[in-house]
Amino acid sequence: MGRVDNRATLDLAQDDLRTVNTSLQSANGTGETNYFRVVNPRGAHAVACGLDAPVDVEIVGHVGYFCAGMNKDARIVVEGNVGTGVAENMMSGTVHVKGDASQSAGATAHGGLLVVEGNASARCGISLKGGEIVVKGNVGHMSMFMAQSGALVVLGDAGDALGDSLYEARIYVRGKVSSLGADCIEKEMRDEHREELRRLLDVAGCEDADVADFTRYGSARELYNFKVDNMASY
Amino acid sequence: MDGDNWSVRESHTFDRNVIAEIRRAAETGLYRIRGFGAKRAVPSFDDLVFLGASMSRYPLEGYREKCETSVVLGTRYAKKPIELKTPITIAGMSFGSLSANAKEALGRGATEVGTSTTTGDGGMTQEERGHSKTLVYQYLPSRYGMNPDDLRRADAIEVVVGQGAKPGGGGMLLGQKISERVAEMRDLPMGIDQRSACRHPDWTGPDDLAIKIMELREITGWEKPIYVKCGAARPYFDTLLAVKAGADVVVIDGMQGGTAATQDVFIEHVGVPTLAAVKDAVAALKEVNMHRKVQLVVGGGIRTGADVAKALAMGADAASIGTAALIALGDNDPHYDEEYKKLGSGAGYWEDYQDGTDPAGITTQTPELAARLDPLKAGRRLANYLRVMTLELQTLARANGKSHVHNLEPDDLRALTIEAAAMAEVPLAGTKWIPGLGKQD
């Protein structure tokens, strides 16, 4: 949480989603209220989406699809589990999930940091475009599919087809990888990667984790242009 | 039979084009990727005619009696529906596939006649936002360049499920067109053969789409109309599901729809003709009592005011053009015939949009070629063409006694072929027969 001067509580048991989101979206980060507590989300979809100011939002409970979608600048904490597409297409800011995340966590995120304390399901980081994701548990199959840039850190294990059709994004996994997707290979961990990984571990609160325990995965860049010899991968 | 003629008789099964393609495939080991749209003959709006007016219907005087062409799109949920002066819109075409000058020209031409243009699989450029009074922002599986600021700067949002040239396929942009600017907008390395995803990364199926649409509305304050665009795969069910998911507007793109780069086998062999698609989409809207409440935009091989009039008569609210708009800008211009010939083609035949070598400067990212297209002149050409199409549309509507083009109706049409009669559910001319509907009284 950032600076907390004035708090407001928004109750999804009393107000509808449009009312709650309007209150959050109206905060410009310089006004009276810069900390919002959203209670009784009860699995609602699209909670706290489209924020574009450096405000703090704490969501107390579980939420549904697309929580914090397209976030810009806001710092959002979910005290619970999140449904599909948390922080999808995030541009900046931070989203911190205290529980588990469903499919497509951080999908297409262009920036910002997503931290998942628990596990993230299939397609975590799919089509990532510069965002950064740290998952303290495991990630499901097809994670980082077609990820273009940015980074995923997994402290647990990764499911099948990790990094399939990867572009320039970087993947760091501490545990086991079930299988690598097309054109994804294990790569050398150089100093710049160790520095990036250390930074991401620290910012996610994993100061005790040792960079040396991780393996880096990236693109073999063999599928960047059509070649008949790569037929089996098409 | 003359012996000399017999010895050079061409096979219908293995004609010279088939033989050339087999040879090309054998030499390269790659399937053919090209631009443009389907080139095979399929039943089309050309197979329908209007009856016109005589004793049982009264025509309107051309030039003197009003025939309205305006259309409002997005009246179901959006606080700010789109109001267009003509029901002919510009379909989504990306910056990347097209040059920045071409995108600007599309915006200028569309704006001059009061209609909309549409972004594509490459994000929103300043050129097209700045010159398009009404701009539809596509929300595609790739999400290239997608951001909430552009989402809010748009006048409408089009969730793209598919397009007519390749229902079930994602976009392609080959390395020669991934310039520095295109690469930066898409966050990709320069020079790679880029293949967009064919499925959205964070939703699957209509139930998920309903939530996605709700999220987009929440981000944009429920102001923008949300379109859902599908290639003509199963247009009846696709339309039903798009309506169920909460679309304000459904866009159905028939198999004749164009592309910047797609496998030839996809272009020619997947999807149903626009003629069949519009009938199915309208039937679906009527089935759930949403006809004219959820607007229908139809694209895919639209070339003339007659095509538009027939689509509207069958129940569409508007029609969109893509390939025809590029031709209006200057694509395949005979002025560049010699250069097209050097590329192994000729003006009127050239289809290799994927190569980035467009002599007319439209489907290219090469600066010296792109500079050939004057966006002001090209925009004016597009505006002229849109005006002609609109005048043709009005001419046909007046001839059928309609004071608004949306008053055109299926009963104004007859089919010239059994296939078209069956696909459009319009009686075969001179009969009361609609194949497939059983005996008619």
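Labels below follow one simple rule: chain letters A, B, ... track the order of the sequence lines, proteins then strands, and each chain is numbered from 1.
Identified by a heavy-atom distance below 4.5 Å to chain B, the contributing residues of residues 87-100 of chain A are Glu88(A), Asn89(A), Met91(A), in residue-number order. Annotation: residues 116-130 of chain A contacts chain B through Ile126(A), Lys129(A), Gly130(A) [non-hydrogen atoms, separation under 4.5 Å].
Using a 4.5 Å cut-off between heavy atoms, Ser149(A) contacts chain B through both its backbone and its side chain. For Phe66(A), the parts lying under 4.5 angstrom from a heavy atom of chain B are both the backbone and the side chain. With a 4.5 angstrom heavy-atom cutoff, Arg186(B) touches chain A only via backbone atoms. In this structure, the portions of Met70(A) lying under 4.5 Å from any heavy atom of chain B include both its backbone and its side chain. Both the backbone and the side chain of Pro148(B) have a heavy atom closer than 4.5 Å to some heavy atom of chain A. Interface residue Ser196(B): only backbone heavy atoms are found under 4.5 Å from chain A. Residue Thr28(B) touches chain A through its backbone alone, counting heavy-atom pairs closer than 4.5 Å. Proximity to chain B involves both the backbone and the side chain of His45(A), based on heavy atoms less than 4.5 angstrom apart.
A cation-pi contact, defined as under 6.0 Å to the ring centre and within 45° of the axis, is absent between Lys212(B) and Tyr65(A).
Across Gly191(B) and Asn225(A), no two heavy atoms sit closer than the pair O-ND2, 3.1 Å. Shortest non-hydrogen contact noted between Pro201(B) and Thr108(A) is CG-CG2, 3.6 Å.
Here Asp193(B) is the residue among Ile192(B), Leu151(B), Asp193(B), Asp149(B) with the most heavy-atom pairs under 4.5 Å with chain A.
Residues meeting the side-chain hydrogen bond (donor to acceptor under 3.5 Å, both in side chains) test with Arg18(A), sequence neighbours left out: Thr22(A), Gln25(A), Glu218(B). A search for salt bridge (Lys or Arg N to Asp or Glu O under 4.0 Å) contacts involving Asp155(B) returns Arg129(B), not counting sequence neighbours.
Side-chain contact between Met214(B) and Leu17(A) is present, with heavy atoms from C-beta onward closer than 4.5 Å.
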